[in-house]
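Everything on this sheet refers to the single structure shown next.
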Amino acid sequence: MPDARVISRAVQDWRLAAPLVVVIAAVAGEQVWQAEQRSAALRDEVAGLRSRLADRRELITHQRREMAQVASAVDHLARTTGSLGERGAEARRLAHMEESRAETRTLVNVAATLDGGMSVMSEDAGRALEQLAWLDGQAAAASDSFAVLTALVKDRAEEVSCGVPTLWPVRGLVTSPFGARTSPYGEGREMHPGIDISASYGSPVTAAGNGAVIFAGRDPGYGGVVIVAHGGQLDTLYGHLSALYVREGQSVRRGQAVGAVGATGRATGTHLHYEVRVNGAPVDPRRYLGK
């Protein structure tokens with residue numbers, strides 16, 4: 001049989017070790033529980049990161065689709081602007097204008113990034129930015145061209161407007177209008193190709209618009225006469241003049257004196273006979289004269 005003292009010592013050793021075993025088991029259990037908690041938290045965090053990453057990827061995909069659409073629109077605009085630039089350049093050449101030296105500004109392509117260094121600058125976006133920079137330069141050149149052309153057209157319109165005979169050559173009472181009338185010489189009905197304006201002898205007769213003198217001299221019927229060409233097959237005639245102040249081939253300005261009122265030629269009294277001719281045919285001067 002075992003020695004009673006050995007058995008007693010073993011029992012005492014067990015009693016001493018039992019609490020230690022309990023403590024160790026408790027500590028181990030706590031560590032396992034904490035590890036499980038950390039593992040669960042990590043799983044939740046990983047799931048959250050994956051969800052955020054999926055959202056970011058979806059956002060990037062959406063942005064790239066939008067940029068592709070923008071790039072397509074910019075491509076179309078670039079083609080349109082290129083055609084506009086060519087037309088502007090052609091207009092400048094036709095107007096003998098100096099070629100535009102507008103410089104095209106460039107943009108520095110800096111890739112935008114999300115957290116973590118993930119690039120969102122697609123090739124479409126980069127190309128769109130480059131084309132927008134080019135379009136900016138083309139638009140500036142076109143704006144310069146059309147600004148000058150607008151000024152030229154405005155000046156041309158004013159020049160043409162000044163050429164139209166709208167100014168009364170002399171102020172006075174219209175004693176005989178344009179059209180059919182009874183002849184003042186008792187010759188029955190006749191066609192009067194202009195208007196007769198009563199005015200004092202020697203009063204200055206002025207050009208009704210800008211033009212060039214194509215005749216200045218004497219005529220059996222009109223007496224002293226001046227004919228001014230205003231362009232566009234439009235002429236004016238000033239008859240029965242007592243004096244001529246211009247010569248053939250001379251340029252005259254609107255309001256410039258071309259002669260003086262008289263009664264030369266076939267005239268019954270002192271007055272100005274005034275005609276407007278279109279393609280050589282007389283028309284009613286009142287179509288052009290201001291009130």
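Nothing here was measured: the structure is a model prediction, and the numbers come from that model. Nothing fancy with the numbering, it's 1 onward along the sequence.
- Hydrophobic clustering (side-chain heavy atoms under 4.5 Å, transitive across Ile, Leu, Val, Met, Phe, Trp, Tyr) groups Y274 together with V283.
- Using a 4.5 Å heavy-atom cutoff, the side chains of V174 and W168 are in contact.
- Checking side-chain atoms of D284 against main-chain N and O of R287 turns up no donor-acceptor pair under 3.5 Å.
- Linking ILVMFWY side-chain heavy atoms closer than 4.5 Å, directly or via other members, places V258 and V170 in a single hydrophobic cluster.
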Item to check | Pair I214-V228, side-chain contact (heavy atoms from CB on, under 4.5 Å): steps then yes or no | outcome: CA-CA 6 Å; I214 58 175; V228 178; over 6 Å; no

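- Nearest approach of R189 to A180, heavy atoms of both residues: NH2-CB, 3.5 Å.
- A ring pair (Phe, Tyr, Trp, His ring centres under 6.0 Å) check over residues 188-213, counting only residues at least two apart or in different chains, returns the pairs H192-H273.
- Between atom CD of residue Q256 and atom OG of residue S251 there is a gap of 9.0 Å, rounded to the nearest 0.5 Å.
- R218 CZ: more than 12 foreign heavy atoms inside a 6.0 Å radius.
- Between R277 and E275 a salt bridge is recorded (basic side-chain N to carboxylate O distance below 4.0 Å).
- Side chain of H240 to backbone of G262: no donor-acceptor contact under 3.5 angstrom is found.
- Residues Y288 and V164 meet the side-chain proximity criterion, which asks for heavy atoms closer than 4.5 Å.
- The number of heavy-atom neighbours closer than 6.0 Å to CD of Q34, taken from other residues, nucleotides and ligands shown, is above 12.
- Atom NE2 of H271 is separated from atom CD1 of I195 by 10.5 Å, given to the nearest 0.5 angstrom.
- Screening N210, T206, T166 for a side chain to side chain donor-acceptor pair (under 3.5 Å) involving R254 leaves a single residue, T166.
- In this structure, R43 and R38 have side chains that are not in contact, with every pair of non-hydrogen atoms separated by 4.5 Å or more.
- Nearest heavy atom pair, residue S198 against residue T175, reads CB-CG2, 3.7 Å.
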Next on the checklist: Show, in sequence, the C-alpha distance, side-chain angles and deciding distance for V252 and V213, and conclude whether the side-chain contact (heavy atoms from CB on, under 4.5 Å) test is met.
Outcome noted: CA-CA 7 Å; V252 294; V213 178; 3.8 Å; yes

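- Note on M191: it clusters hydrophobically with V278, by side-chain heavy-atom contacts below 4.5 Å among ILVMFWY residues.
- Hydrophobic clustering (side-chain heavy atoms under 4.5 Å, transitive across Ile, Leu, Val, Met, Phe, Trp, Tyr) groups V246 together with L234.
- For CD of Q37, the number of neighbouring non-hydrogen atoms (other residues, nucleotides, ligands) closer than 6.0 Å is greater than 12.
- If you take CG on L237 and CD1 on I227, they are separated by 4.5 Å, rounding to the nearest 0.5 Å.
- The two residues A260 and G202 come nearest to each other via the heavy atoms CB-O, 3.8 Å.
- Side-chain contact between L173 and I197: absent, with no pair of heavy atoms (C-beta onward) separated by less than 4.5 Å.
- Using modelled atom types, one finds a donor on one side chain and an acceptor on the other under 3.5 Å when comparing T236 with H230.
- Taking hydrophobic clusters as Ile, Leu, Val, Met, Phe, Trp and Tyr residues chained together by side-chain heavy-atom distances below 4.5 Å, V205 shares a cluster with L289.
- Closest of all the heavy-atom pairs between P282 and F178 is O-CZ, 3.9 Å.
- The two residues L272 and G239 come nearest to each other via the heavy atoms CD1-O, 3.5 Å.
- Pairing each heavy atom of P193 with each of Y222, the nearest pair is CG-OH, 4.2 Å.
- A donor-acceptor distance shorter than 3.5 angstrom exists from the side chain of T264 to the backbone of G224, with no hydrogens or angles considered.
- Taking the side chain as every heavy atom from C-beta outward, V261 and L241 never approach each other to under 4.5 Å.
- A donor-acceptor pair shorter than 3.5 Å cannot be found between the side chains of T61 and R57.
- Residues passing the salt bridge (charged side-chain N to carboxylate O under 4.0 Å, His left out) test with E190, sequence neighbours excluded: R181.
- Formation of a donor-acceptor pair under 3.5 Å by the E58 side chain with backbone atoms of D55 is not found in this model.
- Within the 4.5 Å cutoff, no side-chain heavy atoms of V226 are placed close to those of F215.
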